[in-house]
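This report refers to the structure that appears directly beneath it.
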Protein chains: 2
Amino acid sequence: MAKGSSISGFPEWLPSERVVEQRVIDTLRHIFELNGFIGIETRAVEQGSSLLKKGETSKEIYLLSRLQDVGNEQDTPVEDRLGLHFDLTVPLSRYVVEHSGQLAFPFKRWQIQKVWRGERPQEGRFREFVQADIDVVGNGDLPEHYEVDLPLVMVSALEELRSFGLPKATVHANNRKLSEGFYRGLGLTDIEGVLREIDKLDKIGADEVKKLLISECGANDDQADACLELADLTAANGTDLTERFNALCELHHVDENPEAYALAKQGLDTLANIIDQAARIRPGSVVADLKIARGLDYYTGSVYETFLDGAQSLGSICSGGRYDNLASQGSKKYPGVGLSIGLSRLVSYMLHTAHAEATRVSPAVVMVAVWNENDRAISDDIARRLRERGIPTDVAPTAAKLGKQIKYADKLGIPYVWFPADAMEVQAAPDGTPADQATHNEVKNIVTGDQQPADPDTWEPDVAIAAQSVTVQA
Amino acid sequence: MAKGSSISGFPEWLPSERVVEQRVIDTLRHIFELNGFIGIETRAVEQGSSLLKKGETSKEIYLLSRLQDVGNEQDTPVEDRLGLHFDLTVPLSRYVVEHSGQLAFPFKRWQIQKVWRGERPQEGRFREFVQADIDVVGNGDLPEHYEVDLPLVMVSALEELRSFGLPKATVHANNRKLSEGFYRGLGLTDIEGVLREIDKLDKIGADEVKKLLISECGANDDQADACLELADLTAANGTDLTERFNALCELHHVDENPEAYALAKQGLDTLANIIDQAARIRPGSVVADLKIARGLDYYTGSVYETFLDGAQSLGSICSGGRYDNLASQGSKKYPGVGLSIGLSRLVSYMLHTAHAEATRVSPAVVMVAVWNENDRAISDDIARRLRERGIPTDVAPTAAKLGKQIKYADKLGIPYVWFPADAMEVQAAPDGTPADQATHNEVKNIVTGDQQPADPDTWEPDVAIAAQSVTVQA
């Protein structure tokens with residue numbers, strides 16, 4: 001993040017850092033579109049009523065007021081005010097319902113946009129950041145295979161980001177039905193409460209979570225232990241998962257409650273299918289991890305969190321799940337499944353931990369020097385001809401001493417400086433046409449010092465340095 | 001704009017419309033980077049104090065409050081609250097001052113972002129829209145040639161947008177110093193007032209403006225007439241401009257006030273240079289039009305507005321100018337010049353007036369059919385191989401009847417449907433490997449009906465329909 005950012009929680013990148021973010025966004029978009037996802041952008045604001053009813057972040061909303069209404073804000077109930085969206089899932093649900101007649105279902109969409117959370121400033125968390133989401137929303141129903149497909153698309157996208165310094169990513173999957181069935185089979189009833197406490201495992205540890213399960217969720221000692229044993233269960237294939245889960249159910253007599261076990265079994269089968277399919281397509285990319293709870297209350301099936309090897313402190317960098325009841329219109333439901341990358345934190349990691357760097361600040365690969373201001377038209381003409389062939393080109397800001405011009409190019413990381421044909425000779429040309437470039441123009445690679453004659457209509461930069469790109473310092 | 005958008009003033013595009021907006025954004029970014037502009041993104045919020053002090057739109061600010069602070073908003077003065085930016089120029093000025101030590105000057109930047117204006121909802125104007133800006137900001141000084149360069153970059157960008165149905169664009173330029181010098185030479189002192197009234201010419205006509213100049217700005221009948229005569233002056237080259245302007249100065253004795261005339265002359269010379277340079281590089285792209293006033297008070301030199309042939313009702317679609325005093329730090333100034341495209345209105349015009357259309361909704365060029373859910377892995381494998389070669393591919397949502405699968409592809413505009421090798425034969429393969437695609441896979445162009453054998457490792461879509469693009473209905 002740029003040093004001295006003047007409002008806490010609102011990160012802003014320096015130009016060279018923005019190159020990294022922009023390339024990350026371009027890469028994600030490319031992968032999402034390669035997989036047939038359709039890009040949309042929703043407005044930044046939603047009705048307060050819509051923002052208030054959903055998700056854990058409902059307390060962290062920024063509401064808007066027009067300057068003219070300052071002092072009279074209380075006249076409007078919060079539900080009727082406008083607020084900034086805190087994620088891209090609530091807006092998607094609203095968008096799908098609003099435009100359902102004009103969409104083809106299942107609707108596969110990608111969306112990369114800023115979101116805002118009115119967190120307490122002192123917490124040092126981002127209050128404005130970019131999310132990159134993919135979701136598939138069905139009309140009435142949604143085939144289960146999307147619960148396999150979507151985490152795999154995200155894994156392939158995160159795989160592409162390894163060239164920006166990102167470690168290997170692993171999706172940890174669980175299923176709400178599995179958890180709920182198991183908890184009910186134990187005799188617990190405050191399912192949301194248990195999920196909320198289990199979600200704290202990584203932060204506060206098993207002992208504290210056990211205390212909370214007992215004090216907050218009405219669990220006895222045995223029930224709390226069983227919840228923790230379930231949370232401890234991981235598996236890389238469906239057979240292992242099923243065996244271990246069934247053993248646990250037997251041990252705690254969960255299978256003696258047929259209704260609860262049937263619910264758990266439904267979640268188990270979906271989860272087993274997901275990790276088996278994923279193992280076939282991309283081994284090691286998705287594991288079952290039954291402590292994954294997800295704070296949001298709208299998930300109804302699969303839930304996912306994604307961790308980077310060796311970057312546990314980042315927490316989950318890509319999360320999501322299946323939500324069957326988020327969007328509805330009358331009796332019609334629009335079940336969905338999706339995952340969301342917290343992009344700003346990821347870019348921050350790339351920049352500050354992985355030391356990803358733009359190869360140059362400027363998109364220009366060449367800067368045309370200017371011998372004197374009266375001859376600027378000559379340099380402009382060369383630049384125009386280079387640009388017409390798709391070569392990003394800058395022109396020196398002033399006809400300063402050549403050293404100063406080269407310094408400007410160097411500061412922007414522009415690798416080539418173009419020296420126009422000598423102005424005297426151009427002016428001496430009998431028909432007044434611009435420079436005889438073939439013999440007199442020269443271009444210098446200011447990194448290697450190599451200088452060669454060049455023609456603005458044919459010269460090409462070295463392929464290896466032509467594109468502005470991102471490298472990672474070893 | 002999508003029908004039934006539920007919050008007035010917050011436009012939202014349907015997926016096919018978003019394709020057009022996205023392509024417009026991509027095109028502008030390409031042209032800006034081709035010209036060496038550096039992309040940045042600033043945070044969406046600024047301090048109230050910063051938003052309040054600048055520009056005409058200072059009364060149309062959205063202020064933020066955290067949900068927790070609702071009811072106590074008055075405890076914080078507006079200056080100390082956060083608000084959404086209403087343009088990209090004020091944020092740029094703040095960004096440049098804040099990060100000046102880490103930028104290379106002159107700093108050429110492009111920025112395409114949403115802005116928000118807390119307008120009255122009933123006015124039917126956009127309250128959230130996208131702006132596309134380029135600016136060059138100097139450290140201490142800024143060479144005049146940028147006042148020529150920037151409108152020409154915008155003209156070349158707008159020229160690229162003609163393939164999206166945009167008519168030819170012409171930049172109308174004026175200069176604040178010219179206007180101020182002329183008005184002062186007439187004996188007028190309320191320069192901002194006169195500019196404000198002149199800015200209304202297109203809306204209310206000369207008679208009304210004359211009345212206002214007299215009633216609001218202390219002009220007498222002759223002075224008001226002279227202001228209107230100046231506003232009537234246009235020219236396509238520097239010689240014409242200079243002759244006509246000097247004739248007007250003589251007629252109204254402006255040249256008898258040496259100080260005022262010197263100021264006007266300074267503006268005149270810059271403007272003459274701009275239109276002559278522009279005429280040389282891109283004839284007809286920039287004209288002098290002395291009624292261009294621009295509402296914003298921070299302009300100090302060149303001002304620009306841009307009109308589309310035959311779309312006068314749109315008003316100016318790209319405006320800007322030179323501002324010498326917007327950004328400063330102590331005694332250090334950061335003069336800038338820039339132009340801003342009101343992108344959302346432009347996209348609205350393309351969609352609804354020029355009838356620009358996406359060639360398809362989905363980025364996928366091919367959809368792989370699924371014979372039955374048990375064989376989905378075969379279709380997924382074909383899709384993976386196509387994607388590995390950069391071909392955007394979707395897979396049928398369900399193993400429905402083939403007609404239904406084709407209908408889904410058709411609804412998304414996906415031109416090809418891939419028929420995997422017959423599942424029976426695959427299952428009969430002795431070593432259990434996937435389909436013998438070379439002989440059995442087929443791909444059908446569902447527009448032409450043409451169906452051919454195809455290999456997922458070599459097949460290429462027809463070049464003419466491979467890319468999702470935008471066409472304009474004649």
Side-chain angles (χ1 to χ4, degrees), chain A residues 2 4 6-7 10 12-15 18 22 33-36 38-45 47 59-68 70-71 73-74 78 82 95 98-99 102-104 106 114 118 128 143 145 280-281 361-364 376-377 380 387 392-394 397-398 408 411-412, chain B residues 2 4 6-7 10 12-15 18 22 33-36 38-45 47 59-68 70-71 73-74 78 82 95 98-99 102-104 106 114 118 128 143 145 280-281 361-364 376-377 380 387 392-394 397-398 408 411-412:
Chain A
S6 52
I7 306 181
F10 290 83
E12 202 165 62
W13 308 116
L14 288 171
R18 171 64 179 165
Q22 183 75 67
E33 299 204 329
L34 205 51
N35 284 275
I38 293 165
I40 68 165
E41 178 148 305
T42 57
R43 63 187 188 224
V45 308
Q47 294 284 359
K59 299 296 186 299
E60 298 167 349
I61 299 169
Y62 276 119
L63 295 167
L64 303 185
S65 30
R66 295 177 57 222
L67 182 58
Q68 283 84 341
V70 165
E73 281 113 326
Q74 290 97 317
V78 169
L82 300 177
Y95 182 94
E98 203 167 299
H99 308 301
Q102 292 149 294
L103 303 176
K114 280 184 176 168
E128 170 177 300
H145 67 82
R280 194 183 55 78
I281 297 166
V361 174
S362 172
R376 175 168 293 278
D380 281 342
R387 289 172 189 143
T393 305
D394 208 344
T398 63
Y408 176 75
K411 204 164 175 187
L412 291 173
Chain B
S6 54
I7 306 182
F10 290 83
E12 202 165 62
W13 308 116
L14 288 171
R18 170 63 179 167
Q22 183 74 67
E33 298 203 331
L34 205 51
N35 283 275
I38 294 165
I40 68 165
E41 178 148 305
T42 56
R43 61 184 189 226
V45 307
Q47 293 284 1
K59 298 296 184 296
E60 298 167 349
I61 299 169
Y62 276 119
L63 294 167
L64 303 186
S65 30
R66 295 175 59 221
L67 182 58
Q68 283 82 341
V70 165
E73 281 112 326
Q74 290 98 315
V78 169
L82 300 178
Y95 182 94
E98 203 167 299
H99 308 301
Q102 291 147 295
L103 303 175
K114 280 185 175 165
E128 169 177 301
H145 68 83
R280 193 182 57 76
I281 297 165
V361 175
S362 171
R376 175 168 293 277
D380 281 343
R387 289 174 188 142
T393 305
D394 208 345
T398 62
Y408 176 76
K411 205 166 176 188
L412 291 173

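Reminder, nothing fancy here: chain letters follow the sequence lines and each chain counts from 1.
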Legend entry - Check: Ala44(B) main-chain N/O paired with Glu128(A) side-chain donor or acceptor under 3.5 Å: yes
Legend entry - Residue pair Tyr95(A) / Trp13(B): nearest heavy atoms and the distance that separates them: OH-O, 2.7 Å
Legend entry - Val361(B) versus chain A, the contacting section by heavy-atom distance below 4.5 Å: both
Legend entry - Non-hydrogen atoms of Ala364(B) and Gly36(A) that approach each other most closely: CB-CA, 4.1 Å
Inset, instruction - Write down the atom of Thr42(B), the atom of Lys114(A), and the distance for their closest heavy-atom approach. - result: O-NZ, 3.0 Å
Legend entry - Arg387(A) side chain to Leu34(B) backbone, donor-acceptor under 3.5 Å: yes
Inset, instruction - Specify which of Leu63(A), Asp394(A), Thr398(A) makes the most heavy-atom pairs with chain B at under 4.5 Å. - result: Leu63(A)
Inset, instruction - Considering non-hydrogen atoms only, spot the tightest contact between Lys411(B) and Leu103(A) and give its length. - result: NZ-O, 3.8 Å
Inset, instruction - Could you tell me which portion of Pro143(A) (side chain, backbone, both or neither) has an atom closer than 4.5 angstrom to a non-hydrogen atom of chain B? - result: side chain
Inset, instruction - Give a yes or no on whether the backbone of Gly118(A) and the side-chain of Arg66(B) come within a donor-acceptor separation of less than 3.5 Å. - result: yes
Legend entry - Under 4.5 Å from any heavy atom of chain B - which part of Leu82(A): side chain
Inset, instruction - May I ask you to name which of Gly39(B), Gly71(B), Ser65(B) has the most heavy-atom pairs under 4.5 Å with chain A? - result: Ser65(B)
Inset, instruction - State, yes or no, whether a side-chain contact exists between Thr393(A) and Asn35(B) at a heavy-atom distance under 4.5 Å. - result: no
Legend entry - Side-chain donor/acceptor of His145(B) to backbone N/O of Pro397(A), under 3.5 Å: yes
Legend entry - Euclidean distance, Leu64(B) CG relative to Leu64(A) CG, rounded to 0.5 Å: 6.0 Å
Inset, instruction - Among the options Val45(A), Val70(A), Val78(A), pick out the one with the most heavy-atom pairs lying under 4.5 Å from chain B. - result: Val45(A)
Inset, instruction - Examine whether an atom of Glu41(B) lies under 4.5 Å from a heavy atom of chain A, and if so say whether it belongs to the side chain, the backbone or both; otherwise answer neither. - result: both
Legend entry - Check: Gln47(B) and Ile7(A) side chains under 4.5 Å, non-hydrogen atoms: yes
Legend entry - Residue part contacting chain A, namely of Pro106(B), when any heavy atom lies under 4.5 Å: both
Inset, instruction - Against chain A, label Glu33(B) side chain, backbone, both or neither, depending on which of its atoms sit under 4.5 Å from a heavy atom there. - result: both
Inset, instruction - Locate the shortest heavy-atom distance separating Ser362(A) from Ile38(B); write the atom from each residue and the value. - result: CA-CG1, 3.9 Å
Legend entry - Euclidean distance, Glu98(A) CD relative to Leu14(B) CG, rounded to 0.5 Å: 10.0 Å
